[in-house]
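Note sheet for the following structure.
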Amino acid sequence: MQDNLVIVESPAKAKTIEKFLGKDFHVTSSMGHIRDLEKKDAGIDLENNYVPKYVVSPDKKKIVTELKKLAKDAKQVWIASDEDREGEAIAWHLQEVLKLKPEKTKRIVFHEITKDAILKAVKNPRPIDINLVNAQQARRVLDRLVGFEVSPVLWKKVKPSLSAGRVQSVAVRLIVEREREIINFESTSAFRVTAVFLVPDDKGNTVELKAELNKRFETKAEAQKFLEKCQTAEFSIADIQTRPSKRTPAAPFTTSTLQQEASRKLGFSVSQTMSVAQRLYESGKITYMRTDSVNLSDLAINTSKSTIINTHGEKYHKYRQYTTKSKGAQEAHEAIRPTYMDQEEVSGTAQEKRLYELIWKRTIASQMADAELERTTVSIKVSNTSEVFQATGEVIKFDGFLRVYLESTDNEDEGSDAKSLLPPVKTNQVLRANFIEATERFSQKPPRYTEASLVKKLEEQGIGRPSTYAPTITTIQNRGYVVKEDRPGVEREYIQLTLKNGKLSDKTKVETTGAEKSKLFPTDIGMVVNDFLMKYFDQIMDYSFTANVEVEFDEIADGKRVWNEVIDEFYKPFHQHIENALEVSERTNGERVLGDDPKTGLPVSVKIGRYGPLAQLGEATEEGEKPQFASLRPGQILETITLEEALELFKLPREIGEYEGKKVKVNIGRFGPYIQHDSKFVSLEKNVDDPYSVELPRAIELIEAKREKDRNALIKTFEEEPELRILNGRWGPYISYKKKNYKIAKGTEAEKLSLEDCMKIIEAGPAPKKGRKK
DNA sequence: CAGTGAGCGAGCTTCCGCTTGACTT
């Protein structure tokens, strides 16, 4: 048994550090926090100065027992949790729970996992900073008070099991408000004029020079008038301007920027990025993946330097030291970077390789020289008007870091006007226009958030931490406040005027607009909860609430304020708001009355029901009349649905006739439109069949097609056991037996299975039944 | 997998941040 016990937060870190410290040290990990507030009664003594009641978390009991034993046997215990608020609290909890004696306990910290940094830390131990610990206790208690007092108000006034919190509720607010901006957005259009001129190049070939007019026209008439002038105009080069510009590489990755780039470049979800990064970290390939620091260790900077010089040469290298400027950053770690900069690739899954490559490139590029560019702007005069055409071209004089990596942007539309080299032209040169077009362009709605752009926004506001971005986004989706979806666009007509060969033509064209891929949409419940919280808890919903309390937490950490007093100042008025909301607020379900059905005269309304948003036709009366109900379709929301759209919903289910003596019905279910016949369900074909108009012959056709498909899906049956069938499903062959399905191991030839083989598979256990996560 | 929406009431839900598996799809 070694004399020295070192406790860090993560096991992967423990493994690395143990190598640096030699055999007198045993390094182990606490796996993060070991204690938390107890669940019942909020775990806070409200009568007694907000004293927290801590209990060892159930999943940490084993670890704590183990740590206690190790600590008892060691002569010296070194607590090496992170050097930030949470890390200091972990150190303090360890000291308390393990009952460590001060004389044999030392607190050490380091920001990078390098041998020098660790050895230096061991030489400079310090006591636990109780002010920093108290700042964490204030943070923890405040979050518990907000979460556990506001959520029950929602259970009473909106729906059970809902939740509210300092971080999640503001995240939902961002999405709800963006959606309303989009709903209220009024698109305007203007005519953008572009021209393609023909000019000779050095070799005498004719090449194109594309240019855009420096003015847009508001109306078609104005655009037309301009093109008419062009019919007789002469075009010539008025001016050529060249000016140098440069581009600078982006800083190394933090959690948030890694999530954004992996989303833009690799299409990863935020949680996917984190789990792939976790595997890279655990196998020692990258540094820690939950960080808000852009700092690189000297070691990383030096090895990057030699890698760059070896592959690209001296002039591609530039030493850069990055500093973090995001709100609330605590900088306990390095930036996310490869552990070994000379390793350009790693083994692993395709996802691991791609993410690693991204991290490697970003890190290397961050230590490379600026790219030098030259931008040329050519102005083209139109003889009979004052407007001018402009063409811009860009040439890379020195590629610098661009040789390795370029950060992407969230503006996907900008890819179309990529700049390139212009053909050679001279001032006063006369140009021949091949054609000139005036195209109607519409102003763009504000973009919906993606998971990654929401993380970016939260980080900018200092809301949430690297370890919580991914879980927060999962939570607001699990609670049903937000959905991540694709939505088809709608078709829109636009006008295009073309002048070619002296002739003016006028066309109406069609484009698709507003299609969305993997974007975050608020649900009805999300909007109703948001509005409720905004009305009764505006302080919590304020975008600067977190930033405001962070200031107070910092004051606690600096020893200028006492944490319980800070909490008391917050809690007294906050609790009044809770009491007030419970007393004065009405139960809310987002109900909207849309009007009366012109056919029956009955009122039509929409609201959130037990199984989601619904439309209601008529009202329950004392004479026993019952209203008709219909669920809203995906994409429809209470806030924008119209009377006409709601009335459409009551046209289903439709009975369209009989087939083989059984009724045929059409309806829309959870998985889209379907036909019901003889207690069997057949889906209508997407984008082909319309449930409101489909007729019997087509329905029969679909029913027969389904039967044919089912017959083909049958691989094998056994006479002795008619209830057992081997079928071909979406994921390959499987066994169906007494209404349960059983997986067949990969690589098995399903046709050759005997009855005995099948029974063995069945005995081995049913396919895991779909379970509800706790 | 596909419908439903009464009314009563017991017992439960819930936060944010620090960690890793153990799970299912």
Side-chain angles (χ1 to χ4, degrees), chain A residues 8-14 29-37 39-40 42-44 57 59-60 63 81-82 84-91 93 136 139-156 159-169 274-275 278-279 281-282 288-290 330 332 463-472 475 478-479 540 546 589 607-616 620 624 626-631 652-653 665-676 679-683 730-731 767-774:
Chain A
V8 296
E9 289 181 38
S10 127
K13 203 175 184 178
S29 67
S30 74
M31 306 269 200
H33 276 295
I34 53 162
R35 287 205 295 195
D36 192 15
L37 298 173
K39 287 263 180 182
K40 63 170 196 278
I44 299 163
S57 318
D59 56 332
K60 299 293 165 60
I63 290 160
S81 47
D82 297 344
D84 57 13
R85 203 160 64 200
E86 298 297 328
E88 204 66 17
I90 289 173
H93 283 301
Q136 192 273 349
R139 198 281 302 155
R140 181 67 193 91
V141 165
L142 179 121
D143 282 337
R144 171 57 70 83
L145 289 171
V146 171
F148 275 39
E149 293 211 356
V150 179
S151 301
V153 179
L154 295 177
W155 305 342
K156 279 208 183 71
K159 209 177 112 167
S161 302
L162 294 175
S163 65
R166 174 175 57 83
V167 173
Q168 58 168 286
S169 297
M274 291 315 280
S275 70
Q278 174 92 28
R279 290 202 297 273
Y281 167 66
E282 281 170 8
Y288 197 56
M289 65 284 156
R290 291 187 274 262
Q330 306 201 6
I463 300 166
R465 304 279 313 131
S467 66
T468 61
Y469 296 136
T472 299
T475 300
N478 284 345
R479 293 276 171 276
I540 309 296
T546 291
N589 57 15
K607 66 178 183 192
I608 296 174
R610 217 168 8 137
Y611 305 103
L614 61 84
Q616 180 175 346
K626 276 191 177 174
Q628 230 182 306
F629 296 103
S631 294
L652 290 178
K665 278 200 284 191
V666 186
N667 203 355
I668 296 181
R670 204 144 65 89
F671 304 97
Y674 66 91
I675 300 161
Q676 190 179 0
S679 71
K680 286 207 173 64
F681 298 93
V682 184
S683 289
R730 226 166 113 198
W731 295 286
K769 53 176 183 275
K770 55 176 168 50
R772 288 176 34 159
K773 275 175 229 162
K774 58 169 184 152

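Every heavy atom of this structure was used, including side-chain atoms; hydrogens, water molecules and symmetry mates were not.
- A:Pro466 comes within contact range of no nucleotide atom at all, as no heavy-atom separation falls under 4.0 Å.
- Proximity note for A:Phe148 (side chain, C-beta onward) versus B:dT13, B:dA2, B:dT14: the nearest is B:dT14.
- With the 3.5 Å cutoff on both pairing distances, Watson-Crick and G-U pairs in DNA chain B never assemble into a run of at least 3.
- The minimum heavy-atom distance between A:Met274 and A:Met289, with the atom names listed, is CE-O, 3.6 Å.
- Note that CZ of A:Arg479 is 10.5 Å distant from OG of A:Ser169, once rounded to the nearest 0.5 Å.
- Residue contacts shown for A:Ser161 include a base, since a base heavy atom lies under 4.0 Å away.
- Atom C1' of nucleotide B:dT19 and atom CD1 of A:Ile90 are separated by 8 Å, given to the nearest angstrom.
- Looking at heavy-atom distances under 4.0 Å, A:Ala89 makes no contact with the nucleic acid at all.
- When distances are taken from the side chain of A:Leu614 to each of B:dG5, B:dT14, B:dT19, the shortest belongs to B:dG5.
- Set against B:dT14, B:dT19, B:dG3, the side chain of A:Tyr674 has B:dG3 as its closest nucleotide.
- Close to B:dG17, at under 4.0 Å from its OP1 or OP2, lies a side-chain N or O of A:Arg166.
- The phosphate of B:dC18 has OP1 or OP2 within less than 4.0 Å of a side-chain N or O from A:Ser467.
- Across all strands, A:Gly43 comes closer than 4.0 Å to no nucleic acid atom at all (heavy-atom distances).
- For the OP1/OP2 pair of B:dT20 and a distance below 4.0 Å, the side-chain nitrogens and oxygens of A:Ser10 include at least one atom meeting the criterion.
- In this structure, A:Gln136 reaches neither bases nor backbone, as no heavy-atom distance under 4.0 Å exists between it and the strands shown.
- When heavy atoms are screened at a 4.0 angstrom cut-off, A:Arg35 is found touching no nucleic acid atom at all.
- A close approach under 4.0 Å does not occur between any side-chain nitrogen or oxygen of A:Arg85 and OP1 or OP2 of B:dC16.
- A:Thr475 comes within 4.0 angstrom of the backbone, heavy atoms only, and of no base.
- Nearest nucleotide to the A:Ser683 side chain, out of B:dT19, B:dA2, B:dG5: B:dA2.
- Both A:Arg610 and A:Pro160 lie close to DNA chain B; mapped to their nearest nucleotides by heavy-atom distance, the more 5′-ward contact belongs to A:Arg610.
- We find that the ring of A:Phe681 and the base of B:dC1 do not stack by the test of centres under 5.5 angstrom and planes tilted less than 30°.
- Between B:dC15 and A:Ser151, no contact under 4.0 Å exists linking OP1 or OP2 to a side-chain N or O.
- The nearest pair of heavy atoms linking A:Gln168 to A:Thr472 is CA-CG2, 4.2 Å.
- In this structure, the CZ atom of A:Arg290 is 5 Å from the P atom of B:dT19, given to the nearest Å.
- Between A:Arg139 and B:dG17 there is no side-chain polar atom (N or O) within less than 4.0 angstrom of OP1 or OP2.
- Not one side-chain nitrogen or oxygen of A:Gln676 sits closer than 4.0 Å to the OP1 or OP2 atom of B:dA2.
- Ranking B:dT20, B:dT14, B:dG5 by closeness to the A:Gln168 side chain, first place goes to B:dT14.
- Residue A:Tyr288 is classed as a sugar-phosphate contact, given heavy-atom separations below 4.0 Å to backbone atoms only.
- Atom NZ of A:Lys665 is separated from atom C1' of B:dA2 by 11 Å (rounded to the nearest Å).
- At B:dT13, none of the side-chain N or O atoms of A:Arg479 fall inside 4.0 Å of OP1 or OP2 (strictly under the cut-off).
- Among the atoms of the strands shown, none is found under 4.0 Å from any heavy atom of A:Gln616.
- Taking only side-chain atoms of A:Trp155, from C-beta outward, the nucleotide of B:dT19, B:dT14, B:dG17 with the closest atom is B:dT14.
- Nearest to the side-chain atoms of A:Met289 among the listed nucleotides B:dC16, B:dT19, B:dT20 stands B:dT20.
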